[in-house]
Amino acid sequence: VHAGRPRENQRAAVAHRGAVSTSSASPRPHHRGRFAPSPSGPLHAGSLVAALGSWLDARAHGGRWLVRIEDVDETRCEYGADEIILGQLAICGLVSDETPLYQSRRTPAYEDALAQLAVVGLVYPCGCSRREIEEVLITLGFLQERHDERVYPGTCRQGLGGKPARAMRVLTSMGEQDITISWTDRRLGRQRQNLTREVGDFVLKRADGLFAYQLAVVVDDAHQAVTHIVRGEDLADNTPRQLHLQRLLDLPTPSYLHTPLVMGINGHKLSKQNGATPLDVSSPVEALQQAARVLDLPRIEALSVSEWLAAATRAWATRWVS
Ligand code: GLU
């Protein structure tokens, strides 16, 4: 393994060219939260939990709350879903404090971040197909399953061996040394993941030319100066990959709180893929009430959405603001 570790000064010089700028003309309040839905369909009951949790956290801290439309994976987007989501949120009283940011308009920033890593040899082109990766893992007697992903065996680290480049991967080891990421989630407590063995060099730019969620989310959280991330627990095991990228790109690391998931009747996380029905916002206080129950907040009797949100903010503050 020839993982070219950048010298600190090289890395800093690259970072200070400002490829991923977080500067702004106006001062920003300290606490900035966000909700980052993928517009693959309308919100469902599970996504409202993350939206509400992040909104309450921002409000309880006197901070700002942003909505980012994560339409980076255009193959999964449904036309008009962004407007539907923003409408559902608005009915529940959750309105972005700034104009929503669309990842589909952020490609140059992702290109810059990738170039920044390439300059210091932290990314490399990969020519392996999914099938080839699987074959290598079987040969090694090491077929590990992580959702539908595989731990990349590092085949193209030494070069493409004549194959055409398909994707770009980031190194997840320092020379021969594993990288283990430790972090503290506000709800889940201490967490730890050996990135080298449990994830492997992961894709930042896909074979179809699209940027991967992992890179886009890190670049955009920094660009929007997000300080506090509240999102569903299904994303908790992505966090070490994001912390790794933040470190490589010299970006600040926000704090994380992963919220409980809403399970469907089949015992799986509610998601559009397994047939979650769109969130019913015909009685928004009731929808909020159900999301609040998942967040373990007390039941709030309120007649209007704004009254309900004000009371829920106080309940959140008691629990999560120190
Ligand atoms: N766009 C992701 C999703 O809808 C969420 C990303 C995040 O909160 O970091 O699952």
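Whatever order the structure lists them in is the order used to number ligands and atoms, beginning at 1.
- Residue-ligand proximity, Y213 to ligand 1, at heavy-atom distances under 4.0 Å covers atoms 6 (C), 7 (C), 9 (O).
- Considering backbone and side-chain N/O of Q242, none are found under 3.5 Å from N/O of ligand 1.
- Heavy-atom distances between F35 and ligand 1 stay at or above 4.0 Å for every pair.
- Between D97 and R59 there is a salt bridge, since a side-chain N of the basic residue sits under 4.0 Å from a carboxylate O of the acidic one.
- With ring centers used as reference points, W183 lies 6.0 Å or more from H244.
- Two residues are said to be in side-chain contact when any heavy atoms from C-beta on lie closer than 4.5 Å; H31 and R64 fail this criterion.
- For the atom pair CG (D73) and OG1 (T75), the distance works out to 3.5 Å, reported to the nearest 0.5 Å.
- Short contacts between ligand 1 and R34, defined as distances under 4.0 Å to a heavy atom of the residue, involve ligand atoms 7 (C), 8 (O), 9 (O).
- The residue among A50, G46, S40, S38 with a heavy atom at the shortest distance from atom 4 (O) of ligand 1 is S38.
- Listed by atom number, the atoms of ligand 1 under 4.0 Å from R231 heavy atoms are 7 (C), 8 (O), 9 (O).
- Of the listed options P39, A216, A36, A36 places a heavy atom closest to atom 2 (C) of ligand 1.
- At the top of the distance list for atom 10 (O) of ligand 1, counting protein heavy atoms only, stands L235 CD1, 4.1 Å.
- Within the cation-pi definition used here (under 6.0 Å to the ring centroid, within 45° of the axis), R231 does not qualify as a partner of F35.
- Taking OG1 of T184 as the start and OH of Y256 as the end, the distance is 13.0 Å to the nearest 0.5 Å.
- Looking only at atom types and distance, the side chain of Q224 has a donor-acceptor partner in the side chain of R68 under 3.5 Å away.
- Atoms of ligand 1 lying under 4.0 Å from at least one heavy atom of V217, given by number and element, are 9 (O).
- For atom 6 (C) of ligand 1, the nearest non-hydrogen atom of the protein is E70 OE1, 3.1 Å.
- Y213 pairs in a side chain to side chain donor-acceptor pair (under 3.5 Å) with only one of the listed residues (R206, Q242, R241, E70), which is Q242.
- If you look at N238 next to ligand 1, there are no close heavy atoms at all, none under 4.0 Å.
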